[in-house]
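Some notes on the structure that comes next.
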Amino acid sequence: MRAFDFLRVGWLTVLLLIGGIVPPAGAMTFSTLTRPDGTRIVLAEGPVAEGDAARLRIALQSADRDPAGYKVLALDGPGGAIVEAFAMVEVMDRERVATVVRDGASCASACAQILFLSGAHRTIEGSGRLGLHSCYTAGDRSRSAACNELIAQNALARGTPYTSIMVFLHLTGPTEMKWLGAAEAGPLGFTRKPPDAPQVASAYRM
């Protein structure tokens with residue numbers, strides 16, 4: 001087992017939240033959207049909460065695969081429970097999922113730093129944006145270096161440069177938020193073009 005796997009297994013047993021403010025009660029809602037080309041994608045909105053991984057698995061059954069062979073998950077949420085977010089990533093891996101933040105949507109904290117960055121390929125459309133900051137413990141809301149490392153290693157394993165994600169986790173406090181649009185996120189390696197991007201680019205406009 002890789003060192004990252006040991007780190008992940010250990011910290012997924014600890015209850016942690018990622019976000020400056022505890023997200024409102026409830027869970028993500030999942031719905032199916034049909035793009036102009038007829039392709040169905042899944043829209044996930046709201047905070048990450050217990051049980052969302054199971055709901056995501058069911059929702060993805062109604063999604064089609066894009067020209068690159070992936071199901072697309074559109075994200076719009078403030079973050080939430082990190083343990084559940086990683087459980088959602090396991091579902092995404094099995095289903096081969098790409099991620100997108102649509103025009104006008106915001107994906108912050110665990111939504112951005114775990115879910116979005118775990119997409120096989122990742123797109124930010126129009127005025128869509130990512131919100132980044134440090135992970136914190138649920139008890140006293142102090143900065144958690146171990147949680148930040150877990151998130152950074154997951155991002156690194158999926159093609160995001162370690163320094164790109166860690167600089168925001170280190171420099172942006174738990175009660176702060178650094179927002180990035182497509183123009184800022186791209187050069188940092190947060191977005192990732194799908195295979196044969198020129199041929200499938202039109203699939204990422206709605």
Any side-chain heavy atom of Val97 within less than 4.5 Å of one from Val91? no
I'd like to know if the side chain of Ser118 pairs up with that of Asn154 as donor and acceptor (distance under 3.5 Å, no hydrogens or angles considered). yes
Could you see if Tyr162 belongs to whatever hydrophobic cluster contains Phe190? Use Ile, Leu, Val, Met, Phe, Trp, Tyr and a side-chain cutoff under 4.5 Å. yes
Shortest non-hydrogen pair, Trp179 vs Ser106, comes out as CZ3-CB, 3.9 Å
Minimal non-hydrogen separation, Pro47 against Pro78, with atom names: N-CD, 3.7 Å
Under 3.5 Å, is there a donor-acceptor pair linking the side chains of Thr34 and Arg40? no
Is any side-chain heavy atom of Phe30 closer than 4.5 Å to a side-chain heavy atom of Leu60? no
Is NZ or CZ of Arg96 both nearer than 6.0 Å to the six-membered ring centre of Tyr70 and within 45° of the ring axis? yes
Tell me, do Thr99 and Leu115 make a side-chain contact under 4.5 Å, heavy atoms counted? no
Listing request: all side chain to side chain donor-acceptor pair (under 3.5 Å) pairs with a residue in residues 71-84, at least two apart in sequence or in separate chains. Lys71-Glu95
Hey, could you give me the CG/CZ distance between Leu130 and Arg122, rounded to the nearest 0.5 Å? 10.0 Å
Side-chain heavy-atom pair Phe168, Leu188 within 4.5 angstrom cut-off: yes
Between CG of Leu132 and CD of Glu184, what distance do you get to the nearest 0.5 Å? 11.0 Å
Nearest heavy atoms of Cys135 and Asn148, plus distance in Å: N-OD1, 2.8 Å
Ile114 and Met88, any side-chain heavy atoms less than 4.5 Å apart: no
When every non-hydrogen atom of Gly189 is compared with those of Pro161, the smallest separation belongs to CA-CD, 4.0 Å
Non-hydrogen side-chain atoms of His121 and Thr191 separated by less than 4.5 Å: no
Say you draw a straight line from CG of Leu43 to CE of Met28; how long is it, rounded to the nearest 0.5 Å? 9.0 Å
If only atom types and distance count, is the side chain of His133 paired as donor or acceptor with the main-chain N or O of Thr172 below 3.5 Å? no
CZ (Arg102) and CG (Leu75) are apart, to the nearest 0.5 Å, by 10.5 Å
Between OG1 of Thr160 and CD1 of Ile165, what distance do you get to the nearest 0.5 Å? 7.0 Å
Between the main-chain N or O of Ala146 and the side-chain N or O of Glu149, is there a donor-acceptor pair closer than 3.5 Å? no
Can you find a side-chain donor-acceptor pair between His170 and Ser134 that sits under 3.5 Å? no
How long is the gap from CG on Leu180 to CD1 on Ile124, to the nearest 0.5 Å? 7.5 Å
For Arg57, give me all partners under side-chain hydrogen bond (donor to acceptor under 3.5 Å, both in side chains), at least two apart in sequence or on another chain. none
Could you tell me whether the side chain of Val100 reaches within less than 4.5 Å of the side chain of Glu125, counting heavy atoms only? yes
With the side chain counted from C-beta on, respond yes when Ile82 and Cys147 share a heavy-atom pair under 4.5 Å apart, and no when they do not. yes
Between Ile41 and Ala74, which heavy-atom pair has the shortest distance, and what is it? CD1-CB, 4.2 Å
Keeping Ser62 on the side-chain end and Ala59 on the backbone end, is there a donor-acceptor pair under 3.5 Å? yes
Thinking salt bridges, do Arg158 and Asp93 make one under a 4.0 Å N-O criterion? yes
Heavy-atom closest contact (Gly79 atom, Ser109 atom, distance): CA-CB, 3.8 Å
Under 4.5 Å between side-chain heavy atoms, hopping through other hydrophobics if needed: is there a path connecting Val42 to Ile58? no
Is the closest side-chain donor-acceptor distance between Thr39 and Asp64 under 3.5 Å? no
